[in-house]
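The structure that follows is given in the form of structure tokens.
Here, residue 1 is the first one in the sequence, and each next residue gets the next number.
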Amino acid sequence: MNAIDLVLNRNDYKINNIAAVHPMLVYKEDFEARMVGEVAIIYDDAGNLPVSVIINNKSGHYRPLAKDLRYVVDFFKTVLGIDSNRIICINITC
């Protein structure tokens, strides 16, 4: 799913017949939400490799804490191999 579809058509995108209302990181064994919020991935000039990630904890109903952003940092470090100094965390408070 590209960024435009994520913003404009996210209710049309389904995973196991459930709308992907906003990005959510779940735990693989029990699918319990670990973190929700917004993600922006910046790619290299060729558009292939993610070189940086901007994440926040903006959510309407989950209300994740700033400390919960560590789950996303760990995910991007492990899965995408992005160094933690290239992951920008923004704490959103309401």
Side-chain angles (χ1 to χ4, degrees):
M1 174 176 243
N2 63 41
I4 291 174
D5 284 337
L6 181 62
V7 173
L8 299 178
N9 302 314
R10 62 188 182 180
N11 290 329
D12 296 335
Y13 184 73
K14 306 249 190 276
I15 300 171
N16 294 332
N17 209 26
I18 298 171
V21 179
H22 54 72
M24 182 184 315
L25 181 62
V26 297
Y27 191 61
K28 62 184 175 183
E29 275 84 21
D30 59 14
F31 293 102
E32 180 181 332
R34 293 295 191 256
M35 182 61 202
V36 296
E38 298 174 325
V39 176
I41 300 175
I42 295 100
Y43 290 90
D44 64 8
D45 289 338
N48 298 318
L49 300 173
V51 294
S52 188
V53 177
I54 302 169
I55 60 175
N56 69 37
N57 59 337
K58 181 180 178 186
S59 174
H61 54 281
Y62 281 102
R63 303 285 187 225
L65 303 172
K67 68 178 182 138
D68 296 329
L69 289 166
R70 75 178 189 279
Y71 292 115
V72 184
V73 172
D74 290 344
F75 174 82
F76 281 113
K77 282 173 43 181
T78 304
V79 175
L80 297 181
I82 297 175
D83 192 84
S84 58
N85 67 352
R86 294 183 168 271
I87 301 172
I88 301 165
C89 300
I90 302 170
N91 179 33
I92 307 287
T93 57
C94 299

(request) Provide the closest heavy-atom pair for S84 versus K77 in the form atom of the first, atom of the second, distance. (result)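 So the minimum-distance heavy-atom pair works out to CB-CD, 3.5 Å.
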(request) Answer whether the closest heavy-atom distance between the side chains of I87 and V72 falls below 4.5 Å. (result)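 SC-SC contact between I87 and V72 ruled out.
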(request) Work out which heavy atom in V39 is nearest to a heavy atom in F76; give both atom names and the distance. (result)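 Heavy atoms only, the tightest pair is CG1-CZ, 3.9 Å.
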(message) Check whether S59 reaches the backbone of G37 with its side chain - one donor and one acceptor, N or O, closer than 3.5 Å.
(response)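 No, the answer is negative, given that no donor and acceptor are paired below the 3.5 Å cut-off.
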(message) Minimum heavy-atom separation for C89 and L69, please, with both atom names.
(response)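 Looking at all heavy atoms of both residues, the shortest contact is CB-CD1, 3.8 Å.
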(request) Flag yes if L65 and Y71 sit in one hydrophobic cluster, no otherwise; membership is Ile, Leu, Val, Met, Phe, Trp, Tyr, and two members link when side-chain heavy atoms are under 4.5 Å apart. (result)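 Different clusters: L65 never reaches Y71 through Ile, Leu, Val, Met, Phe, Trp or Tyr contacts under 4.5 Å.
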(request) Kindly write out the residues that satisfy side-chain hydrogen bond (donor to acceptor under 3.5 Å, both in side chains) with D74, not counting sequence neighbours, or none if the list is empty. (result)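 If we apply the side-chain hydrogen bond (donor to acceptor under 3.5 Å, both in side chains) test to D74, skipping adjacent residues, there are no hits.
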(request) Check V36 against P64 and note the closest heavy-atom contact, atom names and distance. (result)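 Reported closest heavy-atom pair: O-CG, 3.6 Å.
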(request) Please identify each residue that fulfils side chain to side chain contact (heavy atoms under 4.5 Å, CB included) with I90, with sequence neighbours left out. (result)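 For I90, the residues satisfying side chain to side chain contact (heavy atoms under 4.5 Å, CB included) (neighbours in sequence not counted) are I54, N56, I88, I92.
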(request) Determine whether more than 12 heavy atoms belonging to other residues, nucleotides or ligands lie under 6.0 Å from atom CG of N85. (result)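 Yes, CG of N85 has more than 12 neighbouring heavy atoms, counting only those of other groups under 6.0 Å.
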